[in-house]
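Both counts, for ligands and for their atoms, begin at 1 and track the order of listing.
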Amino acid sequence: MSADEFSVIRDLFAPHATSESARALRDDVAVLEAGKFVVTTDTIVEGVHFLAGDPIETIAMKALRVNVSDIVAKGAKPTSALLNLSWSDTREASQIAEFASAFGRDLKFFGIELIGGDTTSTPGPLTISVTLLGEPLGVRVPARADAQLGEDVWLIGGEIGSAWLGLQLRKGALTLDRLRQGRDDMQVQMDSRSLARDMPDYLKLPGEDFDAEAGWLMTAYLAPFVRPESAIIVSKFASASMDISDGLVADAGKLAAASGVALRLEVNAVPLSIAAERWAFTGGNVWDLITGGDDYVVLFTAPPELRGAIESAEVGQALRLARIGAVEAGSGVTVVNRKGEPLAIAATGYSHRLGR
Ligand SMILES: Nc1ncnc2c1ncn2[C@@H]1O[C@H](COP(=O)(O)OP(=O)(O)O)[C@@H](O)[C@H]1O
Ligand SMILES: Cc1ncc(C[n+]2csc(CCOP(=O)(O)OP(=O)(O)O)c2C)c(N)n1
Ligand SMILES: [Mg+2]
């Protein structure tokens, strides 16, 4: 029977990771030299993390940004990267230059130096691993395990569920007609027309004109908007923190488990895009948005006394800061609606199934 990634890490690899730096493999990063550096590594695989037909430029950006997300979530600044590239035999060699140039542009955008890596061919799918080092901005590196009872739960850095909707659009599981349901189309149509000539073809759906909202959602999936500015707020105020990649509910569950607490999340406080909000309001299931994953935003906890300071620190930064819940005694995650009623628990997020 196939194995679950989390039990593989916990049972088979964590016993070999006994140094303090490793944080028992229960965190987003390892912490080196008592907090001087943090390091993370994440792989993306064709067919698993991106679609074979996705543009090579955004695949390069995604490979870097999913790692930047882990560093930012720890209140750190990314500094140096190693790139391990396993180029699929089925892909044109000419794409490698496009990959490198897009990767280089993104390195520059985030102020990261490329310091090494490895290059191989593979008979399998395109596979890209990035290892990223960062320097903590504050004196401590918040762990997933640092949440305290009575603290607020916050999200910062972007929306939940947009990338999931973007993936559904690219897979053809969601149509543009359905996305437009309930929309007062005038403004969006005007925006779409004026933006269309500057937009790459890959943001158009087959047989459709460019649509600004669909473009936004697909961009969130293709190249997540990771905001390095979030690290400043995390470093100043967070007790516990982590990045959201597998789905808000699943990842909140990991933070809760690491800290030995329960998290109560208010679904109406979760930041959504306008398109996602309307999709949910017109019959879409909000549960899909909070469990779909690929969000790459930061979840953190902080004492309620810091509310004012946290909100002031975000003013003018457009980081979609949102206070979404509370740390309580117990275990697990409860998601409640406006009336305080719990939503029925279905699957909570993404988990890799390993082997047969
Ligand atoms: N194959 C492995 N060998 C050693 N450590 C691993 C392995 N896979 C994952 N880990 C560690 O397990 C922890 C949790 O991993 P994961 O849930 O993938 O974190 P993230 O979502 O931040 O990438 C991290 O400390 C990571 O470094
Ligand atoms: C083609 C495709 N199908 C499904 C998904 C959804 N998906 C794949 S992996 C994943 C979770 C994040 O990846 P993971 O390797 O678990 O990163 P980590 O949590 O280690 O940062 C999600 C939501 C996707 N991104 N692309
Ligand atoms: Mg994951």
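H352 does not count as a contact of ligand 1, since none of its heavy atoms falls under 4.0 Å from the ligand. Within the structure, ligand 2 has G292 among the residues with a heavy atom less than 4.0 angstrom away. Within the 4.0 Å heavy-atom shell around ligand 2 one does not find V66.
No part of W164 comes within 4.0 Å of ligand 2, judged by heavy-atom distances. Here D70 has side-chain heavy atoms under 4.0 Å from ligand 1, and that is the only part of it that gets that close. At a heavy-atom distance under 4.0 Å, only side-chain atoms of L167, from C-beta outward, approach ligand 2. Using a 4.0 Å cut-off between heavy atoms, Y296 contacts ligand 2 through its side chain alone, with no backbone atom that close.
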Can you list the steps and then say if T43 with S129 is a side chain to side chain donor-acceptor pair (under 3.5 Å)? CA-CA 4 Å; T43 301; S129 279; 2.6 Å; yes
Run R65 and D106 through salt bridge (Lys or Arg N to Asp or Glu O under 4.0 Å) and show every step you take. CA-CA 8 Å; R65 292 178 185 197; D106 235 29; 2.7 Å; yes
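At under 3.5 Å, a nitrogen or oxygen of D27, whether backbone or side chain, sits near a nitrogen or oxygen of ligand 1. Checked against a 3.5 angstrom limit, the closest N/O atoms of Y350 and ligand 2 fall outside it. Below 3.5 Å of separation, one finds an N or O of D42 facing an N or O of ligand 2. Of the N or O atoms in T41, none lie within a sub-3.5 Å distance of an N or O in ligand 1. Among the atoms of D42, some N or O lies under 3.5 angstrom from an N or O of ligand 1. Between D70 and ligand 2, no N or O atom pair is found at a separation short of 3.5 Å.
Close contacts between ligand 1 and R144 involve ligand atoms 19 (O), 20 (P), 21 (O), 22 (O) [criterion: under 4.0 Å to a heavy atom]. Close contacts between ligand 2 and Y221 involve ligand atoms 1 (C), 2 (C), 24 (C), 25 (N), 26 (N) [criterion: under 4.0 Å to a heavy atom]. In the vicinity of L51, heavy-atom distances shorter than 4.0 Å reach the ligand 2 atoms 1 (C).
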Donor-acceptor pairs are to be reported for all side-chain atoms of residues 214-221 against protein atoms at under 3.5 Å, with residues two or more places apart or in another chain.
from, atom 1, to, atom 2, distance (Å)
W216, NE1, E159, OE1, 3.1
W216, NE1, E159, OE2, 3.4
T219, OG1, G215, O, 2.6
Y221, OH, H49, O, 3.3

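Taking the six-membered ring for Trp and thresholds of 30 and 60 degrees, F99 and F103 have nearly parallel ring planes, at less than 30 degrees apart.
Side-chain heavy-atom separations under 4.5 angstrom define the hydrophobic clusters, and the remaining members of the one that includes V8 are I9, L12, F13, L25, L354.
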